[in-house]
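Working notes, structure below.
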Amino acid sequence: MKTEIERAVINVVNKKAQPNKVLLLVGARRVGKTRFIKNYIHNFPENKVLKLNGEDIDDVALLSRRSVANYKRLLKGINLLAIDEAQHIPNIGLILKLIVDEIENIKVIVTGSSMFDLNNQLGEPLVGRKYTIYMYPLSQIEFSKEENYKITSEKLEERLLFGGYPELMHLNKWQDKQDYLQEIINDYLLKDILIFQNIKKADKIYNLLRLLAFQVGNEVSLNELGNQLQISKNTVESYLDLLTKVFVVFKVEGYSKNLRKEVTKSSKWYFYDVGIRNAIIKNFNILQNRNDVGQLWENYLIVERMKKQEYQKIIGNNYFWRTYDQQELDWLEEKAEELSAFEFKWNANKKVKIPTAFGKAYTDANFEVITKENYLDFIT
């Protein structure tokens with residue numbers, strides 16, 4: 001396999017990078033945003049691109065004087081302005097608004113890791129002027145461009161254990177992969193939260209993630225999490241909001257349209273990368289020595305499906321489904337008037353039937369069981 005894989009976002013970026021618009025590329029730290037920007041601008045004439053870094057004080061100073069004259073001088077002859085780690089630049093939203101409004105034919109691409117900070121600065125100033133693309137760790141869509149079915153099958157266990165962070169491709173030893181993921185958590189993943197939100201109790205965040213990691217695929221009670229961590233429900237909600245905005249975890253809510261006994265108030269939480277999940281609970285045991293393979297399989301399929309939805313621009317809503325008498329489905333997708341239900345099985349030894357209550361309530365819904373035999377159709 002090549003040491004570098006073409007990222008799936010390139011197709012969307014090529015379509016959406018338009019003159020006098022801001023293309024915002026966001027995602028967790030270390031998923032490859034900086035590398036992607038370098039590769040992207042490689043195709044432009046060097047004298048037509050200005051690349052800045054929000055963590056470089058000299059680059060920030062170039063943008064700090066918010067005037068049309070300053071930006072016209074700075075961007076004279078430039079077709080593409082690329083700003084990496086843009087969340088570190090004060091008033092970045094107002095700066096970019098002035099640039100795209102006043103500099104003719106300029107394309108602007110910015111990357112950022114901490115979505116909450118970028119949203120606060122970019123949201124209002126750039127209404128109607130920006131397009132947001134999410135970048136994840138490497139997806140099976142991307143791996144499939146470089147490997148055949150045999151290799152993919154052989155790599156499945158490794159991907160369930162270590163996830164898809166790009167740097168892992170360059171590490172051959174499993175211990176090195178474990179060490180790298182631990183470094184990601186300690187040095188990068190929680191850095192945004194602890195710095196930007198000035199949270200002193202890093203242990204509470206970490207313990208919250210541990211609790212979520214053990215409850216993947218199960219409904220989560222915020223009150224129960226608060227009791228276990230000895231913090232308030234509101235604080236739990238605040239921490240979960242931050243963890244969502246820096247792309248560590250995401251929430252899936254219950255679906256209900258017809259039945260009074262459908263569960264809708266509770267939610268399930270999943271990790272954007274299963275390797276991070278395993279690193280948090282410090283469990284990289286091989287699959288045959290684990291009791292959480294079903295949880296891993298479910299998390300892996302869901303996040304890979306979400307990558308597919310993002311990169312192929314499949315528009316819809318995602319849910320799980322359960323009734324109070326314990327009938328349930330792992331995954332529902334609602335697209336326009338079409339409803340599709342999926343059940344995930346690592347070991348599909350017996351035929352799985354659609355839950356009776358669901359079949360009666362949603363007679364037109366599609367139903368499919370996703371196993372090791374057919375999962376690639378689901379995620380690529």
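The first residue of the sequence shown is numbered 1, and numbering continues consecutively from there. All values reported here derive from a predicted model rather than from experimental measurement.
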**Request:** Answer whether the closest heavy-atom distance between the side chains of Ile184 and Glu167 falls below 4.5 Å.
**Result:** no
**Asked** Would you say the side chains of Thr323 and Gln327 form a donor-acceptor pair under 3.5 Å?
**Response** no
**Request:** Identify which one of Val12, Val26, Leu24 satisfies the side chain to side chain contact (heavy atoms under 4.5 Å, CB included) criterion when paired with Ile133.
**Result:** Val12
**Item:** Side-chain heavy atoms of Asn318 within contact of Leu332, under 4.5 Å
**Value:** no
**Asked** Is it true that the side chains of Gln215 and Gln295 contain a donor and an acceptor less than 3.5 Å apart?
**Response** no
**Prompt:** How about Trp321 and Phe358: are their ring centroids closer than 6.0 Å?
**Reply:** yes
**Asked** Taking side chain as C-beta onward, heavy atoms only, is Phe284 less than 4.5 Å from Gln175?
**Response** no
**Ile141 with Val274, same ILVMFWY side-chain cluster at under 4.5 Å** = no
**Asked** Do we see a donor-acceptor contact under 3.5 Å between the side chains of Ser238 and Thr235?
**Response** no
**Message:** Counting C-beta onward and ignoring hydrogens, is there a side-chain heavy-atom pair between Lys345 and Trp297 closer than 4.5 Å?
**Reply:** no
**Donor-acceptor pair, side chain of Lys233 and main chain of Gly226, under 3.5 angstrom** = no
**Message:** For the residue pair Glu328 / Gln326, report whether a side-chain donor-acceptor contact shorter than 3.5 Å exists.
**Reply:** no
**Asked** Any link between Ile354 and Val352 through a network of hydrophobic side chains (Ile, Leu, Val, Met, Phe, Trp, Tyr) touching at under 4.5 Å?
**Response** yes
**Asked** For the ring pair Phe271 and Phe247, is the centre-to-centre distance below 6.0 Å?
**Response** no
**Message:** With a 3.5 Å distance limit and no angle check, can you tell me whether Asn20 reaches the backbone of Asn105 through a side-chain donor-acceptor pair?
**Reply:** yes
**Side chains of Leu243 and Leu208 in contact at under 4.5 Å (non-hydrogen atoms)** = yes
**Item:** Asn91 (side chain) donor-acceptor with Ser64 (main chain) under 3.5 angstrom
**Value:** no
**Asked** Does any pair with a residue in residues 277-288 pass side chain to side chain donor-acceptor pair (under 3.5 Å), and if so which ones, sequence neighbours excluded?
**Response** Tyr206-Lys282, Arg277-Asp292, Asn278-Arg290, Asn283-Asn285, Asn283-Arg290
**Item:** Note, Val110 side chain near Leu23 side chain (heavy atom, < 4.5 Å)
**Value:** no
**Prompt:** Can any side-chain N or O of Lys307 pair as donor or acceptor with the backbone N or O of Ile379 at less than 3.5 Å?
**Reply:** no
**Item:** Polar side chain donor-acceptor pair, Thr380 to Gln140, under 3.5 angstrom
**Value:** no
**Heavy-atom side-chain contact between Phe214 and Ile281 under 4.5 Å** = yes
**Asked** Has the side chain of Asp241 got a donor or acceptor atom that lies under 3.5 Å from a matching backbone atom of Glu237?
**Response** no
**Single-linkage hydrophobic cluster Ile314~Met306, side-chain heavy atoms < 4.5 angstrom** = no
**Prompt:** Are Leu287 and Val303 connected, step by step, through hydrophobic side chains (Ile, Leu, Val, Met, Phe, Trp, Tyr) whose heavy atoms are closer than 4.5 Å?
**Reply:** yes
**Asked** Does the cation-pi check pass for Arg305 over Phe378, that is, NZ or CZ under 6.0 Å from the six-membered ring centre and within 45° of its axis?
**Response** yes
**Item:** Residue pairs passing the salt bridge (charged side-chain N to carboxylate O under 4.0 Å, His left out) test where at least one lies in residues 92-111, sequence neighbours excluded
**Value:** Lys97-Asp101, Asp101-Arg129
**Prompt:** Is Glu343 reaching over with its side chain to a backbone N or O of Asp330, donor-acceptor style, under 3.5 angstrom?
**Reply:** yes
**Prompt:** Going hydrophobic residue to hydrophobic residue with side-chain gaps under 4.5 angstrom, can you get from Leu94 over to Leu98?
**Reply:** no
**Asked** Between Tyr255 and Tyr362, is the gap from one ring center to the other below 6.0 Å?
**Response** yes
**Pairwise side-chain contact, Leu296 with Val216, heavy-atom cut-off 4.5 Å (strictly under)** = no
**Axial cation check for Tyr40 ring with Arg35, 6.0 Å and 45° limits** = no
